[in-house]
Amino acid sequence: MVKHKASDLHLKADTPPKFRLKGSIRNLAAEALTNAEIEEMMFEIMNERQIARYHEKGSMDFAYQLGDQDRFRINIFRQRGKSSVAARRVPREILDFNQLHLPPSLGKLADLHQGLVLLAGITGSGKSTTIAAMLEQINATRACHIVTVEDPIEFLYDDKKAFVNQREIGLDVQNFGDALKFLMREDPDVILIGEMRDQETFGAALAAAETGHLVFGTIHASNASSTITRILELFPEEARPLIRTSLVFNLQAIICLKLLPGLQPDIPRLPACEIMIANSTVRKLIAEERDNEIGAVIRGSYHEGMIDFTESLRQLTDKELISVKTAYAAAPNPDEL
């Protein structure tokens, strides 16, 4: 995987191993692996607790570090009574915004000292890589304390101007609830909550933002307005007005990402993005429950560092980084593009 810079490895019993290269699944020129061979390999890099949990639950997430090289986020799961594996490669090197072909306005968001910055997109859309670039900028430029809560830890940070504590669920702390309960006692300035998947994690993120911390988090949503809807749906009906008010005061930005196949051989995949920065107009729309009008504000605020998917795709196509066909396939509104 490291040699070929594959993003993912898939192992399934009685099937040759597969790589995901440049976004496409490819078969390796290798023999099919038996279930026993897959389990023997995986159990060699799992501890007893992880093996026991896998046998009990039928799946297990963990991370594995290959010496001083890349890191791997691994999921072993049972299907049809046999073991399968999906392993995502997390490069050791943390790339900056320019290397990732991301808009420079993200650098300004990393300079914030308070509030909530959300990264939205499906699994494998580049959320972790983008957050890593933002945290690394803070690490290199600001004397502060960064605390991450991840399941599992992905990118590893070396202390620079900042110092970084990274907590892994299941290894350093039992669950997200316990990690979030003690978070404020750890004197953080900047916080990363790996995935906001429920009311508890999002409530803790908002509470931390309200008390003067800069909080990063990821959420599964397709664009800025649907991200707000997704957040509100985590809470019961009666709590939503309060959450909406908290978003008005604390939300700083929503960054939505799609990872697309590139045209140039040295850039196999690159992100299209939508960036919503919470200016006074956006805050007013959120307060008045007019979330569906946020897209129009983004389109009229390119000069403030905002961008929507259509404009992002246009720019990538103009620079000949992606094909017109790819742009149309990814466009939320092909006619507009």
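FYI, the numbering just counts along the sequence from 1. A quick note: this is a predicted structure, and the numbers were derived from the prediction, not measured.
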- Side-chain touch Lys181/Asp178, heavy atoms, less than 4.5 angstrom: yes

- Atom CD1 of Ile38 and atom CD1 of Ile76: how far apart are they, to the nearest 0.5 Å? 8.0 Å

- Any donor-acceptor pair under 3.5 Å linking the side chain of Glu195 with the backbone of Ile219? no

- Query: Considering only heavy atoms from C-beta outward, does the side chain of Gln315 approach that of Ile307 to under 4.5 Å?
  - Reply: yes

- Message: Under the rule for side-chain hydrogen bond (donor to acceptor under 3.5 Å, both in side chains), what residues qualify as partners of Glu150, not counting sequence neighbours?
- Response: Thr148, Gln166

- Any pair with a residue in residues 117-136 that passes salt bridge (Lys or Arg N to Asp or Glu O under 4.0 Å), sequence neighbours left out, goes on the list, sorted by first then second residue, please. Glu136-Lys160

- Task: Give a yes or no on this: more than 12 heavy atoms of other residues, nucleotides or ligands lie within 6.0 Å of atom NZ of Lys22.
- Result: no

- State whether the side chain of His10 and the backbone N or O of Lys18 hold a donor-acceptor pair below 3.5 Å, judged by distance alone. no

- Item | Reported CG-to-CD1 distance for the pair Leu118 and Ile131, which is rounded to 0.5 angstrom | 9.0 Å

- Can a salt bridge be assigned to the pair Arg244 and Asp291 using a cut-off of 4.0 Å between side-chain N and carboxylate O? yes

Report all side-chain donor-acceptor pairs from residues 294-302 shorter than 3.5 Å, counting only partners two or more places apart or in another chain.
from	atom 1	to	atom 2	distance (Å)
Ser301	OG	Val297	O	2.6
Tyr302	OH	Asp308	OD1	2.9

- Task: Report, as yes or no, whether the 6.0 Å neighbourhood of atom CZ on Arg78 holds more than 12 heavy atoms from other residues, nucleotides or ligands.
- Result: yes

- Quick one: which residue pairs count as a salt bridge (Lys or Arg N to Asp or Glu O under 4.0 Å) with a foot in residues 56-67, not counting sequence neighbours? none

- Has the side chain of Asn250 got a donor or acceptor atom that lies under 3.5 Å from a matching backbone atom of Ser246? yes

- Message: Suppose we screen for side-chain hydrogen bond (donor to acceptor under 3.5 Å, both in side chains). Which residues come up paired with Arg230, at least two apart in sequence or across chains?
- Response: none

- Who pairs with Leu112 by side chain to side chain contact (heavy atoms under 4.5 Å, CB included), at least two apart in sequence or on another chain? Leu109, Val117, Leu214, Gln252

- Of all residues at least two apart in sequence or in a different chain, which pass the salt bridge (charged side-chain N to carboxylate O under 4.0 Å, His left out) check with Glu237? Arg240

- For Thr317 and Leu313, indicate whether the former's side chain and the latter's backbone hold a donor-acceptor pair under 3.5 Å. yes

- Message: My understanding is that only residues two or more places apart in sequence, or in another chain, count here; which of them pass side-chain hydrogen bond (donor to acceptor under 3.5 Å, both in side chains) with His113?
- Response: none

- Asp68 vs Arg92 side-chain heavy atoms within contact, under 4.5 Å: no

- Verdict with reasoning, Asn165 to Glu186, per side chain to side chain donor-acceptor pair (under 3.5 Å): CA-CA 10 Å; Asn165 278 304; Glu186 291 153 15; over 6 Å; no

Validation: residues 327-337 side-chain donor-acceptor distances under 3.5 Å, sequence neighbours left out:
from	atom 1	to	atom 2	distance (Å)
Asn333	OD1	Asp335	N	3.2
Asn333	OD1	Glu336	N	3.1

- Query: Only one of Arg26, Arg89, Arg88 forms a salt bridge (Lys or Arg N to Asp or Glu O under 4.0 Å) with Asp8, so which one is it?
  - Reply: Arg88

- Minimum side-chain heavy-atom gap Glu39-Lys82 below 4.5 Å: no

- Who else is in Phe163's hydrophobic cluster (ILVMFWY, side-chain heavy atoms under 4.5 Å, direct or via others)? none

- Query: Are Leu33 and Pro17 side-chain neighbours, meaning at least one heavy-atom pair lies under 4.5 Å?
  - Reply: yes

- Indicate yes or no: at least one non-hydrogen side-chain atom of Ser225 is less than 4.5 angstrom from one of Asn292. no

- Note on the structure: salt bridge (charged side-chain N to carboxylate O under 4.0 Å, His left out) filter on Lys284, not counting sequence neighbours, yields Glu288

- Query: Is there side-chain contact between Met134 and Ile255, with at least one heavy-atom pair below 4.5 Å?
  - Reply: yes

- Leu192 and Ile146, any side-chain heavy atoms less than 4.5 Å apart: no

- Message: If the condition is side chain to side chain contact (heavy atoms under 4.5 Å, CB included), which residues does Thr245 pass it with, not counting sequence neighbours?
- Response: Phe249

